Structure formats: structure tokens, C-alpha cells
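Here the structure comes first, spelled out in C-alpha cells, and everything after it is commentary.
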There are 2 protein chains.
Amino acid sequence: MLTIGKLGEAAGVKVPTIRYYEQIGLLPEPERSAGNQRLYDAKAHDRLAFIRHARDLGFPLEAIRDLLSLSDKPDQSCAAADIIATEQLAAVEARIARLTALKAELERMITQCAQGTIADCRVIEVLSDHALCAEDHRAKTGSGGAV
Amino acid sequence: MLTIGKLGEAAGVKVPTIRYYEQIGLLPEPERSAGNQRLYDAKAHDRLAFIRHARDLGFPLEAIRDLLSLSDKPDQSCAAADIIATEQLAAVEARIARLTALKAELERMITQCAQGTIADCRVIEVLSDHALCAEDHRAKTGSGGAV
DNA sequence: CCTAATGTCTCTAGCAGCTATAGCTTCAAG
DNA sequence: CTTGAAGCTATAGCTGCTAGAGACATTAGG
């Protein structure tokens, strides 16, 4: 049986985060010691590792909740899990595309900012003027996704 | 003179977001009409476009605040702006690297999830087991950065 | 000129996904 | 047996918005 601190260490998750996951129902309420401290078993560790890992991969907590509920009924088709992963893949590809354009833009800005004063510095100009953009940022108006 | 709605439309920023930027001091308080409605000029539009564009490029509001303060005193060296852009470039490159690894992982998961039941489904298995990882997610423990 | 439909106003609360603080209790080592 | 770390609950804060309530302003049509 692990205390919350040991569990956090083992799974690479901070202690308050574990309590937070319990609070929002991602982790079940664990046993308590005589002194009211949480005690976790190996199953809890696995579940937490699953969550941690999925978070690392960029899954939002809601998707993780879905995946966990799927894994609780292992006789069903995994199509649903596949859909969740596929959606994540699309989101990730979109982010990569955007970041790559962004990288080019920043490199261009930095190259052009060659020891002048801000008056000549295109960093600000590039950011002010849509027409100077290599990429069309306007396309994503309203999507508001994380970059 | 533009009303807040027209300005938002022109700059691709939602109305409450404009008011939010004003509230946190990124935009100056504009003139008001006789009926107390905000009225913006072309300068305000440029500044908002600057902010919008920088947000699109992934700059946090604090960096934007710095850039704006630089642009307010254009006689200084652009070295500071360059530093900000360079920092952002590094962050962007790190994000791209992480997302690319993540993409490979998701593709692997999806390929392995071949219409079976969840019991055989590797999506969940892959997420449960660190040892199956192509990439070392453990390295970034504690950084907690956006993906 | 009047009315109805927008648009705008302020204020407050909420979202994700944690993180930090305060003030207490419990546990393990020396 | 004491002390210091680790645990407990509860609450508030963070970023960058977004949504709602309820009241006033503006504009287009009849």
C-alpha cells in the first residue's frame, strides 16, 4: 500500500493533482489509514499511470474519462477508443502544421531584426500586418485552439 | 470611428475579448460616444491586430505586453524584441518536437487497434504501459507545458 | 415618430487543469 | 518522546478567455 506521496512519485504526478483527479472522479476514492490518510494499491497506480500517460499524449481529461470507462468494459469493440485516438491525431497534426508555419515566421522575424533600432525592426511590423504573413492565420478565426 | 463590434469583426477578435484586453491593460481605454459606447480609431485597430496576430503565433499575453511596450518606444534597440522572439522560437521548436513524437505514438496506437475488442486493443494497453512507449514521456516530469 | 431588433454596457461567474496557501493532524526517524 | 516531514481539508488563484443577466443605446423599417 502506497501513501499519496509515494504514489505520486511512482507515477510522476504531483500530490495535489492526484487529489484533484479524485475530486473530479477520474480516480476512485481510495482506502484510508486509521489516521485518515489515503492508501493506494497497484491498481490505483496503473490507473494513475494511464491518466498521466494519456495527459502526456495531449488527451483532454474528458477523453481520458471516456477511455477509462471503455477499459472498464473490455468485451466491447475498441472502435470507440480508436475514434478518440484518431481525433487526437488530427488535432495533433493541425497543431504541428500551425507551429511549423509559426517557426518560419519567427525565424524570418529574427533574421530581419539585425541590430537595428525598433524603428527598422520588423518583429513588430510583421506581427502588426497580416499582409506580411507567410501563413494565413485568419483561416482559424474562432477556433481558438491551443497552438 | 468603429464601435467595438466593428472593430472585433475587422480584427478577428470577439467583443468580450477586446473588453478583456482593455481590462488587463493591453489596450488603452478608448473614447466613448455620448451614449457611453466605446469608439476606436485606426491606431486601436492596428494594436489589436498586433495582439491578435501575436496570440495566433503563440505568444503569451505577457510577451505581447513586452513587445507592445517596446513598440511604444521605437528609438531603443530591438535587441529586447529579438530576445523575446528568440525565446518564442525555442519554445515553438520544443513543442514541434514533442508533437511529432506524439503523432508517431498515436499512429502506432491506431494501427494496432484493428477492429478487435478492447481486451486486445492496444490503444488502452499502450496508454497503460510506459515500457511500450517509443518516446520518453517521463523526461518532462513537472514541466507541465502545453503540448 | 415609433417600435422592434440589434448592439453595447457593467458585472459576475464559469471553463480547463491544475497549483498554491493556510491551518491543522498524523506518521516515521532519531 | 520529540521533531520535522508528509498528510489532511478547504479555499483561492492562475491564463486567456467565454457566457450570462439585466439595463441602456442605436439603427432600420414602417
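None of the values given here were measured: they were computed from a predicted structure.
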Less than 4.5 Å apart, side chain to side chain, heavy atoms only: is that true for A:L67 and A:F50?
yes
Is it true that A:K103 and B:E93 make a salt bridge, defined as a side-chain N closer than 4.0 Å to a carboxylate O?
yes
Roughly, in whole Å, what's the span from CZ in B:R32 to C1' in C:dC9?
8 Å
OP1, OP2 of C:dC18 versus side-chain N and O of A:Y21: anything below 4.0 Å?
yes
Euclidean distance, atom CG of residue B:L39 to atom P of C:dG7 [Å, nearest integer]:
16 Å
Any salt bridge linking B:R38 with B:E22? Criterion: basic side-chain nitrogen under 4.0 Å from a carboxylate oxygen.
yes
Starting at CD of A:Q37 and ending at P of C:dT25, how long is that distance when rounded to a whole Å?
13 Å
Closest-nucleotide 5' rank along DNA chain D - winner of B:G35 and B:P60:
B:P60
Here the distance between atom C1' of C:dG7 and atom NZ of B:K6, to the nearest Å, is 10 Å
Whether B:T3 contacts C:dT8 is assessed here as follows: a side-chain N or O lying under 4.0 Å from the phosphate OP1 or OP2. Is that the case?
yes
Nearest whole Å is fine: how far is C:dT19 C1' from A:E22 CD?
17 Å
Ranking A:Q23 and A:Y40 by the position along DNA chain D of their nearest nucleotide, the one closer to 5' is A:Y40
N/O donor-acceptor pair under 3.5 Å between B:R55 side chain and B:I64 backbone:
no
When you check the phosphate oxygens OP1 and OP2 of D:dC8, does a side-chain N or O of A:R19 lie under 4.0 Å from one of them?
yes
Look at the side-chain N and O atoms of B:S33 and state whether any lies under 4.0 Å from the OP1 or OP2 oxygen of D:dA25.
no
So if I take every side-chain heavy atom of A:Y20 and compare against D:dC17, D:dT18, C:dG17, which nucleotide ends up nearest?
C:dG17
Calculate the interatomic distance between A:R38 atom CZ and D:dG7 atom P; express it in whole Å.
10 Å
Between B:K14 and D:dT18, does any side-chain N or O lie under 4.0 Å from OP1 or OP2?
yes
Rounding to an integer number of Å, can you tell me how far B:I64 CD1 sits from D:dC17 C1'?
13 Å
note: A:I18, atom CD1; D:dC8, atom C1'; distance rounded to Å ~ 14 Å
Would you say B:R32's side chain and B:L39's backbone share a donor-acceptor pair under 3.5 angstrom?
no
Of A:A34 and A:T17, whose nearest nucleotide on DNA chain C comes first from the 5' end?
A:T17
